[in-house]
Amino acid sequence: MSEVLSSWNDGVAKHTIVAFVERAVSAVPAEERVAVFDNDGTLWCEKPLPIQADFILRRLFEMAQADRQLRDRQPWKAAYERDYGWLGAVLAEHSAGDDTNVRTLLGGVLAAFAGITVDDFEARSDAFLRTSQHPTLGRSYLKCAYAPMIELLAYLEVNGFSNYIASGGGRDFMRPISHELYGIPRERVIGSATALEYIADQHGGAIIRKPDADYLDDGPQKPIRIWSRVGRRPLLAAGNSNGDIHMLDFARHQDKPFLRLLLLHDDADREFDYTAGAEQALERADANNWTVISIKNDWATVFPA
């Protein structure tokens, strides 16, 4: 057992994962072995604010610098004044089911990169992720993915699983680095998306981002988007918050082995310690026998060396 998932401590979580994979390999054809993972807080760090939120706030700050009138409007006001507490409060409200201020935030998010091509957006996302540092951990954002989860993804792939990301974060923000970081090809990234428009020209045309939402891949939308993209109910689902409950519920099968994983952030020394936004998920985990992964107890290491 020690040579498998070596960045995991021996314990219930590791043994449950290995036993599930062994059952799945013996009982389920490879084409049906689908695993889905949330990204923020499940595959990489999401505190003190989600990585994509930092990317967007920097753009909103630039916009407020250029246009003084934006400085009195949210979310540009918060970005310009570096009031990250406002953003944190909005995200906490969303996790608790109150989306009153999320609509205000979403308006700014959609406006931040409206009118640019998907190619330009990808180039900006890629450059940001490769050059920006986490504000407190002292490492680049690309080094903020969790080593044990990267190892788990590789272990599943070796055993015939197709891994997908199903995130509330932006699909096009994650795609540039998903294969390099997680071994997940870009076509298996499911995430929130803006509306797009195709503009024909003599150079093959361009796809432009519009200032409108296509969909927010969170809560009950996650199973819908998984089914729309994959056409299968996953055998394994992993998340860390209330927004992942429906996705983990969706991984239940009557006649096949299945596994639901919920990551618990309880290690203030090596990462962060919080349960805000995961209270309902933790209750559901206890009631439905989900496997809770404790960062403090189950991981021998947290981040790549």
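When side chains are defined from C-beta on, F272 does not count as touching D267, because their heavy atoms never get closer than 4.5 Å. Counting heavy atoms from C-beta outward, V34 and V36 have side chains that approach closer than 4.5 Å. Between L87 and P75 the shortest side-chain heavy-atom distance does not fall below 4.5 Å. Side-chain contact check for L235 versus L259: every heavy-atom pair is 4.5 Å or farther apart. Side chains of R71 and W76 form no contact here, defined as non-hydrogen atoms less than 4.5 Å apart. Residues H15 and V12 fail the side-chain proximity criterion, which asks for heavy atoms closer than 4.5 Å. L57 places a side-chain heavy atom less than 4.5 Å from the side chain of Y84. Side-chain contact check for T117 versus I208: some heavy-atom pair is nearer than 4.5 Å.
Under a hydrophobic clustering in which Ile, Leu, Val, Met, Phe, Trp and Tyr are joined whenever their side-chain heavy atoms come within less than 4.5 Å, directly or via other members, F303 and L153 fall into the same cluster. W8 and Y182 fall within the same hydrophobic cluster, where Ile, Leu, Val, Met, Phe, Trp and Tyr residues are linked whenever their side-chain heavy atoms come under 4.5 Å apart, directly or through other members. Under the 4.5 Å side-chain contact rule for hydrophobic residues, L263 and L49 share a cluster. I184 and Y155 fall within a single hydrophobic cluster, where Ile, Leu, Val, Met, Phe, Trp and Tyr are joined by side-chain heavy atoms under 4.5 Å apart, directly or via other members. Following chains of ILVMFWY side-chain contacts shorter than 4.5 Å, one cannot reach V102 starting from Y215, and the two form parts of different hydrophobic clusters.
Aromatic pair Y274/H265: centroids less than 6.0 angstrom apart. Taking the ring centroids of W44 and Y141, they lie at or beyond the 6.0 Å cut-off. Two rings, from F37 and Y164, have their centers 6.0 Å or more apart.
Closest approach of R209 and V118 over heavy atoms only: CG-CG1, 4.3 Å. The minimum heavy-atom distance between R103 and T100, with the atom names listed, is NH1-CA, 3.7 Å. In this structure, Q52 and G170 approach most closely via the heavy-atom pair OE1-N, 2.7 Å. The shortest non-hydrogen separation linking R270 to I295 is NH2-O, 2.8 Å. Shortest non-hydrogen contact noted between R225 and D217 is CG-OD1, 3.2 Å. The two residues L156 and A35 have their closest heavy-atom pair at CD1-CB, 4.1 Å.
Rounded to the nearest 0.5 angstrom, D172 CG and R124 CZ are separated by 13.5 Å. Summarising the geometry, atom CD1 belonging to I224 is positioned 14.0 Å from atom CE belonging to M247; distances are rounded to the nearest 0.5 Å. Here the CG-CD1 distance, from D38 to I190, works out to 12.0 Å after rounding to the nearest 0.5 Å. The SG atom of C144 sits 12.0 Å away from the CD atom of E46 when rounded to the nearest 0.5 Å. Between L216 atom CG and T194 atom OG1 the span is 12.5 Å, to the nearest 0.5 Å. Separation of atoms NZ (K14) and CD1 (I293) is listed at 13.0 Å; rounding is to 0.5 Å.
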- Query: Under the side chain to side chain contact (heavy atoms under 4.5 Å, CB included) criterion, do I165 and R188 qualify, and how do the steps go?
  - Reply: CA-CA 6 Å; I165 292 174; R188 292 188 194 160; over 6 Å; no
- Message: side chain to side chain contact (heavy atoms under 4.5 Å, CB included), that's the test. Do L236 and L261 meet it? Break it down for me.
- Response: CA-CA 8 Å; L236 182 153; L261 302 175; 4.3 Å; yes
- Would you check, one step at a time, whether the test side chain to side chain contact (heavy atoms under 4.5 Å, CB included) holds for L129 with I51? CA-CA 9 Å; L129 288 167; I51 294 174; 3.7 Å; yes
- Task: Would you check, one step at a time, whether the test side chain to side chain contact (heavy atoms under 4.5 Å, CB included) holds for R260 with T291?
- Result: CA-CA 6 Å; R260 282 80 67 83; T291 299; over 6 Å; no
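Remark: side-chain polar atoms of D201 are paired, donor with acceptor, to backbone N or O of G205 under 3.5 angstrom. Formation of a donor-acceptor pair under 3.5 Å by the K210 side chain with backbone atoms of G115 is not found in this model. Checked by atom type and distance alone, the side chain of N288 pairs as donor or acceptor with a backbone atom of R284 at under 3.5 Å. Checking side-chain atoms of D218 against main-chain N and O of G168 turns up no donor-acceptor pair under 3.5 Å. Under a 3.5 Å cut-off, the side chain of H134 and the backbone N or O of L142 do not form any donor-acceptor pair. Without hydrogens or angle criteria, R229 side chain to E187 main chain gives a donor-acceptor distance under 3.5 Å. The main-chain N or O of E283 is never found under 3.5 Å from a side-chain atom of E279 such that the two would form a donor-acceptor pair. R59 places a side-chain N or O within 3.5 Å of a backbone atom of A112 that can act as its donor or acceptor partner. Of the possible donor and acceptor atoms, one in the side chain of R33 sits under 3.5 Å from a partner among the backbone N and O of V28. Looking at R171, its side chain never comes within 3.5 Å of a backbone N or O of A193 through a donor-acceptor pair.
The aromatic rings of F55 and F121 sit perpendicular, their planes meeting at an angle over 60°, well past the 30° parallel limit. Aromatic ring pairs are classed by plane angle as parallel below 30°, tilted from 30° to 60° and perpendicular above 60°; the pair F20 and F161 is tilted. Using cut-offs of 30° and 60° on the angle between ring planes, the pair F250 and W227 is perpendicular.
The environment of N289 atom CG is sparse: at most 12 non-hydrogen atoms of other residues, nucleotides or ligands sit within 6.0 angstrom. Environment of CD in E31: crowded, with over 12 heavy atoms of neighbouring residues, nucleotides or ligands closer than 6.0 Å.
Ion pairing of R130 with E180 is present here, as a side-chain N (NZ or NE/NH1/NH2) and a carboxylate O approach within less than 4.0 Å. K222 has a carboxylate O that lies under 4.0 Å from a charged side-chain N of D244, or vice versa, which qualifies the two as a salt bridge. Between K296 and D269, none of the side-chain N atoms (NZ, or NE/NH1/NH2) sits under 4.0 Å from a carboxylate O, so this pair counts as no salt bridge. Ion pairing between a basic and an acidic side chain is recognised when a charged N comes within 4.0 Å of a carboxylate O; R58 and E62 show no such pairing. The residues R186 and E122 are annotated as salt-bridged, a charged nitrogen and a carboxylate oxygen being separated by less than 4.0 angstrom.
Counted by atom type alone, D266 and S294 present one or more donor-acceptor pairs between their side chains at under 3.5 Å. A side-chain donor-acceptor contact under 3.5 Å links E151 and S7.
Looking at D40, T42, T275 one by one, the single match for side chain to side chain donor-acceptor pair (under 3.5 Å) with N240 turns out to be T42.
Both cation-pi conditions hold for R82 and F61: the charged atom is under 6.0 angstrom from the six-membered ring centre and inside a 45 degree cone around its axis. Within the cation-pi definition used here (under 6.0 Å to the ring centroid, within 45° of the axis), R252 does not qualify as a partner of F258.
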